[in-house]
Protein chains: 2
Amino acid sequence: MTERSQDTPADGERSRTLVESAYSSLRHEILSGHLKPGAKLRTEELRLRYKIGASTLREALTRLLGEALVTAEGQRGFRVAPISLSDFSDLTNVRKMIETEALRQSVLAGDEAWEGRVVAAFYRLSKVEERLAESAQAISNDFEQRNRDFHQALISACASPWLHRLNAMLYQQSERYRRISLVNRDVPRDVHAEHQAIYEAALVRDVERVCRLTGEHIDNTLSVVRQVLTRDAAVHEPKPGRSIRERTPAGKHAVEKI
Amino acid sequence: MTERSQDTPADGERSRTLVESAYSSLRHEILSGHLKPGAKLRTEELRLRYKIGASTLREALTRLLGEALVTAEGQRGFRVAPISLSDFSDLTNVRKMIETEALRQSVLAGDEAWEGRVVAAFYRLSKVEERLAESAQAISNDFEQRNRDFHQALISACASPWLHRLNAMLYQQSERYRRISLVNRDVPRDVHAEHQAIYEAALVRDVERVCRLTGEHIDNTLSVVRQVLTRDAAVHEPKPGRSIRERTPAGKHAVEKI
DNA sequence: GTCAAATAAAATTTCGAGATTTTGAGAATT
DNA sequence: AATTCTCAAAATCTCGAAATTTTATTTGAC
């Protein structure tokens, strides 16, 4: 008997195939930090959790492999991709280069429709930033979404699919670091002011200024994450409840636990 | 009855898992152009060809998805990623940026061991380039291998894993275009002279010159591929033979069969 | 007691049949 | 003729047990 159960998709996913929804769920759990960096991903446990077959789960994990959110080794299964300060530092530099270039092209090529997207995205971002001071934790999903939309809108007039592709990948990676840092503690920073400055420079088509400000903006994120990660290296605690059993891979700096 | 046959790996692959060797074989077939851009990848057929299970094949294809060598849609299976002039043009620009930056860092940071790798790789490349005139087709595998090694050696002192990762991806993509062009017809170009110029500039640590030359080098490849692709766009005709299971994706030049 | 081989337990990988969906050819309707 | 409907063939997607490998534990020799 092999009836497809077609269980209700975990969250708000309406992906068609089971692989796709498992992929979405797993990605969300990794990005949000619920699945911890370096953690072993045992097929058996995940299989039961998501109520899917072994191959289906395996395929979902393989997709994440291509996005560098999980690692895979020989006959030793999958792990959540580890994080490290040096990785994030590297990531930040490369992302600065890519996003800046995309931005340059976009601001130069942007038409009226582009302006409209930027204005709209900035407005929505501002709204959520107002509420960010109090309940940083609660609305971090909202904020991340709109922050991504804003950055995306800014470069949306860039005509290069490859720049978009690479940028999306790097942005997702850095989003992971940001969210992991956010969950731990929130380091205040006037991120709204930075966004506003970028926004205004974009609309007056001051390319050099937009690029410079965005570069600094990205760098500031590095600073914040650096603070959190170095501080947490000492503090961490094992997660309560039925958690995925795991061994800390040898010699990694202890950003393992969130 | 589920015995593992562990058939001899296709070529020189000694990958551990079946997924890995299927992945390698498929990648090679796509890069070499044996599997044509845009072609449908029917699981049934491939399954029989490689003598592996459905899920195993599926996982191998999913890996290629992450490298943008295949595309996948909903419940409609996999296809070899299509190619186009505009894609290659875009690819070339982005790759120029990435590889140039990696090169800059590498030449600045390169130590004696780096010099050694560059010298060795250049020597091996030169050897194969001597023979390139006659049997371009026959030794294209050799040439591509050593060409990749040479470019890799040049940037091997770059300390950024992300630059390496992105560069590897872009290089592989452009390799695909180069090989497809090569198989069709060979457009002569004094590629050896270009390599030599880059080589010499690298060894005397003339960063700006290395980057400029490499940029031009990459651009030249674009020109060559452009010639071949535009020429072939006309030559090919949808063969009216029986049972065209294959719809040429809209407006693509028909590089289906090589 | 220590080290290594043997054995047991656990986890990963693979298979292929069956469930589901898409496709396309012909019938029926407008 | 063009569009929609029907339904069978073909293809994709999913499952879970079986095969294989890795990891942990025990046993045995020195």
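Residue numbers begin at 1 in each chain, while the letters A, B, ... track the order of the sequences.
- Dashed line: the shortest gap from a side-chain N or O of K40(A) to OP1 or OP2 of dT12(C) is under 4.0 Å.
- For dT23(C), neither phosphate oxygen OP1 nor OP2 lies less than 4.0 angstrom from any side-chain nitrogen or oxygen of R42(B).
- Distances shown here put every side-chain N or O of S55(B) at or beyond 4.0 Å from the OP1 or OP2 atom of dT14(C).
- Across all strands, L41(B) comes closer than 4.0 Å only to sugar-phosphate atoms, never to a base (heavy-atom distances).
- Residue E59(A) contributes atom CD, which lies 11 Å from atom P of dC15(D) at whole-angstrom precision.
- Atom CG in L57(B) sits about 12 Å away from atom C1' in dT14(C), given to the nearest Å.
- Of the two residues near DNA chain D, G77(B) and T56(A), the one whose nearest nucleotide lies more 5' is G77(B).
- In summary, E20(B) and R16(B) do not engage in a salt bridge, as defined by a charged side-chain N under 4.0 Å from a carboxylate O.
- The side chain of R47(B) places no N or O atom within less than 4.0 Å of a non-bridging phosphate oxygen (OP1 or OP2) of dA17(C).
- Rounding to whole angstrom units, CZ of residue R16(B) and P of dT14(C) are separated by 11 Å.
- Rounded to an integer number of Å, the gap from R79(A) CZ to dA11(C) C1' is 13 Å.
- In this structure, Q75(A) atom CD and dA19(D) atom P are separated by 16 Å, rounded to whole Å.
- Under the 4.0 Å criterion applied to side-chain N and carboxylate O atoms, E144(B) and R176(B) are not assigned as salt-bridge partners.
- Residue E45(A) contributes atom CD, which lies 9 Å from atom P of dA11(C) at whole-angstrom precision.
- Atoms CZ (R76(B)) and C1' (dT21(C)) sit 10 Å apart, rounded to a whole Å.
- The shortest distance between side-chain heavy atoms of V228(A) and Y177(A) does not fall below 4.5 Å.
- OP1 and OP2 of dA11(C) both lie 4.0 Å or more from every side-chain N or O belonging to T43(A).
- In this structure, Q173(B) contributes its side chain and A68(B) its backbone to a donor-acceptor pair below 3.5 Å.
- Across the protein-nucleic acid pair, L48(A) atom CG and dC15(D) atom C1' stand 13 Å apart, rounded to whole Å.
- Under the 6.0 Å distance and 45° angle rule, R178(B) counts as a cation-pi partner of Y171(B).
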